[in-house]
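Every chain is numbered from 1 and lettered A, B, ... according to where its sequence line falls, protein lines coming before strand lines. Bear in mind the structure is a predicted one, so any value in this text is a computation, not a measurement.
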Amino acid sequence: MSLALEALSWILIVSGSLFCVTGALGLVRLRGFYTRTHAASLVDSAGAGLLLAGLLLQAGWTLVAVKLVMIGLLIFFTSPAATHALANAALARGLAPDAEGEGVPSKR
Amino acid sequence: MFAVAAVALLVALGLALVRAVGGPTVFDRALAGNAIGTLALLMLAVLGFLTGRPEFLDLAILYGLLNIVGTIAVLKFFRFGNLGDPGEEEAGR
């Protein structure tokens, strides 16, 4: 495969996995449930997107690429729905957005 | 190249596991479970490329589907108090 394509897929894969680590780090470090939801969605969107794009370049025009596109579409459609259901369930169960004193002085 | 991604995903899985164990509320644990599911899906894809076995991607698709169904079921239980028939009286609304 041409060197440029190889280098581009390498960059995409490394940056995608870097975003995954950043998202997981934010999941641990941030205080408060709703800020952690923001960090966790970083894994779904940027991490998965870049990583799958890098793998797609590696796979080229084969059936493997079709499967990778299917995984990308799956994540693209289901992870926002799951995050919404999570936040909705937490709010419905009385987890107020600033309940745990997330260090951000709430205006109210 | 894939080894780098696999190691990074392992680190991310470890961090998500820390949140899953330490999460104060049950929704933190559900959030960490969702993150672990996505990371495991990506790990399956990367390992499929690392060991040169394309059938791992089928596993990744299936795992993604199961993960979403599991997360929604857990959330429904903790939101409505039961997984019962939605027709009956809505508990917890």
Side-chain angles (χ1 to χ4, degrees), chain A residues 6 9-10 13-14 16-30 32-34 36-37 39-44 47-48 51-52 54-55 58-59 62-68 70-71 73-75 77-79 81-93 95 99-100, chain B residues 1-2 4-20 22-28 30-39 41-46 48-49 54-58 60-61 63-65 67-72 74-81 92-93:
Chain A
E6 190 82 20
S9 76
W10 194 82
I13 286 177
V14 169
S17 47
L18 195 64
F19 271 111
C20 282
V21 172
T22 314
L25 195 62
L27 196 65
V28 169
R29 288 283 300 163
L30 290 177
F33 166 72
Y34 294 99
R36 284 187 208 117
T37 320
S41 67
L42 189 62
V43 173
D44 288 339
L51 199 66
L52 291 176
L55 293 179
Q58 283 289 334
T62 59
L63 185 60
V64 169
V66 173
K67 287 179 189 166
L68 280 170
M70 288 302 150
I71 293 178
L73 286 177
L74 173 73
I75 292 184
F77 284 114
T78 54
S79 74
T83 310
H84 169 73
L86 250 164
N88 188 3
L91 204 59
R93 271 298 170 188
L95 193 63
E100 290 124 331
Chain B
M1 170 168 51
F2 297 119
V4 169
V7 166
L9 283 174
L10 264 181
V11 169
L13 273 165
L15 288 170
L17 204 59
V18 165
R19 172 52 53 199
T25 64
V26 70
F27 298 107
D28 287 304
L31 179 67
N34 187 18
I36 286 176
T38 314
L39 288 168
L41 182 139
L42 294 175
M43 175 63 95
L44 269 172
V46 166
F49 271 83
E55 57 271 8
F56 269 38
L57 290 173
D58 307 335
I61 294 177
Y63 191 85
L65 290 169
N67 174 37
I68 185 68
V69 171
T71 305
I72 297 294
V74 163
L75 287 178
K76 180 177 180 186
F77 177 73
F78 282 113
R79 186 183 191 295
F80 293 117
R93 176 161 305 275

With a 4.5 angstrom heavy-atom cut-off, could you sort out which part of [X] is near chain A: side chain, backbone, both or neither?
| X | value |
| --- | --- |
| B/Ile72 | side chain |
| B/Leu57 | both |
| B/Leu41 | side chain |
| B/Phe78 | backbone |

Discussion item. If I compare all heavy atoms of B/Ile36 with all of B/Ala16, which pair ends up nearest, and what's the gap?
Written reply: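 For B/Ile36 and B/Ala16, the tightest heavy-atom pair comes out as CG1-CB, 3.6 Å.
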Item to complete: Looking only at non-hydrogen atoms, find the nearest pair between B/Ala60 and A/Ile71 and report the distance.
Response: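 Closest approach of B/Ala60 to A/Ile71, heavy atoms only: CB-CD1, 3.7 Å.
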Partner chain B: residue of [options] with the largest heavy-atom pair count (under 4.5 Å):
| options | value |
| --- | --- |
| A/Leu51, A/Val43, A/Leu18, A/Val14 | A/Leu51 |
| A/Leu86, A/Val64, A/Thr37, A/Asn88 | A/Leu86 |
| A/Ile75, A/Ile13, A/Leu55 | A/Leu55 |
| A/Val28, A/Val21, A/Thr78 | A/Val28 |

Can you tell me which portion of [X] sits under 4.5 Å from chain B's heavy atoms? Options are side chain, backbone, both or neither.
| X | answer |
| --- | --- |
| A/Ala40 | side chain |
| A/Leu63 | neither |
| A/Ala87 | neither |

Worksheet item: Most heavy-atom pairs under 4.5 angstrom with chain A, which of B/Val74, B/Ile61, B/Leu65, B/Asn67?
Response: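 Highest number of heavy-atom pairs under 4.5 Å: B/Ile61.
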Worksheet item: Cut-off 3.5 Å, side chains only: do A/Ser41 and A/Asp44 have a donor facing an acceptor?
Response: no
